[in-house]
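What follows is a set of notes on a single structure, which appears directly below.
Reminder, nothing fancy here: chain letters follow the sequence lines and each chain counts from 1. This is a predicted model, so every value here is computed, not measured.
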Amino acid sequence: MEAFTVHTGRAVPLRRSNVDTDQIIPAVWLKQVSRTGFEKGLFSAWREDPGFVLNDPAYAGASILVAGPDFGTGSSREHAVWALQQYGFRAVIAPRFADIFRNNSTKMGLLPVVLPAATVEALQAAAEADPTLEITVDLAERQVRWAGETAGFEIDDYTRWRLMEGLDDIGLTLRNADAIATYENGRQPWLPTTV
Amino acid sequence: MGRTLAEKVWEQHVVRRAEGEPDLLYIDLHLIHEVTSPQAFDGLRMAGRPIRRPELTIATEDHNVPTVLGPISDPVSRTQVETLRKNCAEFGVRLHPMGDAGQGVVHIIGPQFGLTQPGMTIVCGDSHTSTHGAFGGIAFGIGTSEVEHVLATQTLPAYRPKTMAIEVSGELPAGVTAKDLILAIIAKIGTGGGQGYIVEYRGEAIRKLSMEGRMTVCNMSIEAGARAGMIAPDETTFEYLKGRPHAPVGEDWDAAVEYWRSLSSDEDAVFDTVVEIDASALTPFVTWGTNPGQGAPLGSVVPAPEDTDDPAATTRALEYMGLTAGTPLREVAVDTVFVGSCTNGRIEDLRAAAEVLRGRQVVTRTLIVPGSMLVKLQAEQEGLHEVFKAAGAEWREAGCSMCLGMNPDTLSPGERSASTSNRNFEGRQGKGGRTHLVSPQVAAATAVTGKLTAPADLA
Ligand code: SF4
């Protein structure tokens, strides 16, 4: 996983609520068996509209997505996170995220930042007024900073530590292999197996 | 203080708990399908890791499979299915491939084999894993990184969600189904209403539901944003499970039932949130918009943006759906009807649709897709396929089909469906397609008239 400490970049305002993962990456793109090439599928249906914000050259190269509430609802497809990252996004800011999407993001090092709706709207307005505006997302300080403004955000210590270190969960869990084996010995005898 | 069902099941599965860290949770059953697993197997291969417990893992082919006999014509879909076969062979995972008698949608086959049991933890790289909570276990969807984690360790690090009780009092009126109930619940609490919660559905109306109905309700928990949905196991649960291939037998059965009975939330258990809903006031429910929370009673009209919580989203949705505020929902004409999916592709759903279609003719393209090959077999033994064919509907092979349109069963741009599936997102059933979520009964009646219709409206 890519480590995340501080990132400064420009923002894309996406003024929509309930951006579901079927919009982030439509199902036709999920047939690939590799982990790469998903940037082409990012918002692919919406990008057919020339007026869609990602088609605005002013936002080319932006790396922070600022979206409406309930971002990432629906399907558990991690491909949504891969598509956002491969397109160049390092962080998504929204008033509320769907649980599975947020989980998937933190496994991959895409930072989901929750800010109050009014702050998100202020950020969107600022990025609309000046697409060259630089925004800093600081995980170490748990802050978003732009144009002299500062907004704090919450994230639990453990997830923050993992993200800042870029740690792989599986490696961490396997340090507890003994505890897993002990637990397994005490499982109820009737629990099913698939064989 | 008493504990809730969710708390009891969670505590039973904690492998390791440490201050300031998520719990490490043991996973009893891991379901796999072709779409969200290939990159996880690649990860194992690159790290040289085996699957810790292949015998707690089961795979099926469902999302890409065609529902007409024959091979997969799309080469990319075919590669994905072949990749699953290779991975399962290499890592020793039991697979139910296309054509196998046990093949079907991942959330249909677990319960039908008796693999889904009360008190278990179940995960799958698929958000509708919440379906399995109908048996009284904790079941939730995960992403591909977590699929790899479970394959490698049979555990997941996770924070325990908060608990929400949805108390459904009264009885569902005749003609009102589990699907109408869950659509009404989602409309009430919203697509984010369940975020951060495990929901326990309780109350008289829930107790009276069959296992099929309970699965329909739990299936759509994720559409309200909930991590999982669950229902305490009772006689209905035990009755359904007994005698299934993987259900316990003999003394194990007795011990299991005794344990399962102990799982119900204690009388004095406290939920973080309680939502109440009166089942007796419900009528058939349909969606008009582009998320499952945008729904209304069939007897009402398409809402005006200013009458909804999020006018901008409603405006967008109505534009996409090609609907005008104030139009009675019963006047909305559809082109295609889809009966199937992990929400409503079980035998009871097919029986309900057949009852409406018996002796009638459909006027729309109508796809009836059983959720599994076993459901198909049972329906054919009961003669339901003859009813469907006589009515002019298409009787298909098992799979996800038009629920998400990864196979050739899709809507064309602008085409409108009444669908028993779970998501009416833009383009979900095919690019530009417009979806109305409905119960199997409403789907069948709609196929007869060509407009959104309840069976009671038919002469
Ligand atoms: S039937 Fe639909 S919701 Fe269920 S697993 Fe298949 S695609 Fe997902």
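When heavy atoms are compared at a cutoff of 4.5 Å, B/Ala256 approaches chain A by way of both its backbone and its side chain. At a 4.5 Å heavy-atom cutoff, B/Leu156 makes no contact with chain A through either its backbone or its side chain. Proximity to chain A (any heavy atom under 4.5 Å) is shown, for B/His13, by both the backbone and the side chain. Of the atoms belonging to B/Leu404, heavy atoms from both backbone and side chain fall under 4.5 Å from chain A. When heavy atoms are compared at a cutoff of 4.5 Å, A/Ser34 approaches chain B solely by way of its backbone atoms N, CA, C and O. In this structure, no portion of B/Ala247 lies under 4.5 Å from any heavy atom of chain A.
Listed by chain and number, the residues in a side-chain hydrogen bond (donor to acceptor under 3.5 Å, both in side chains) with B/Glu21 are B/Arg16 (sequence neighbours excluded). Remark: A/Asp130 engages A/Thr132 in a side-chain hydrogen bond (donor to acceptor under 3.5 Å, both in side chains) (not counting sequence neighbours).
Taking both residues in full, the closest heavy atoms of A/Thr193 and B/Leu115 are given as O-CD2, 3.7 Å, listed atom of the first, atom of the second, then distance. Of all non-hydrogen atoms in A/Thr194 and B/Arg94, the two that sit nearest each other are O-NH1, 3.1 Å. Closest of all the heavy-atom pairs between B/Gln39 and A/Gln32 is NE2-O, 3.4 Å.
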- Message: Apply side chain to side chain contact (heavy atoms under 4.5 Å, CB included) to residues B/His149 and A/Thr173 and explain how you reach the verdict.
- Response: CA-CA 9 Å; B/His149 192 283; A/Thr173 296; 2.7 Å; yes
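Taking the side chain as every heavy atom from C-beta outward, B/Ile222 and A/Ile100 approach each other to under 4.5 Å.
Using a cut-off of 4.0 Å between Lys/Arg side-chain N and Asp/Glu carboxylate O, A/Lys31 and B/Asp74 are scored as salt-bridged. In summary, B/Arg52 and A/Glu184 engage in a salt bridge, as defined by a charged side-chain N under 4.0 Å from a carboxylate O.
Between B/Tyr259 and A/Trp190, the ring-plane angle classifies as tilted under the 30° and 60° cut-offs.
Between A/Gln188 and the options B/Gln12, B/Gln117, B/Met120, a side chain to side chain contact (heavy atoms under 4.5 Å, CB included) holds for only B/Gln12.
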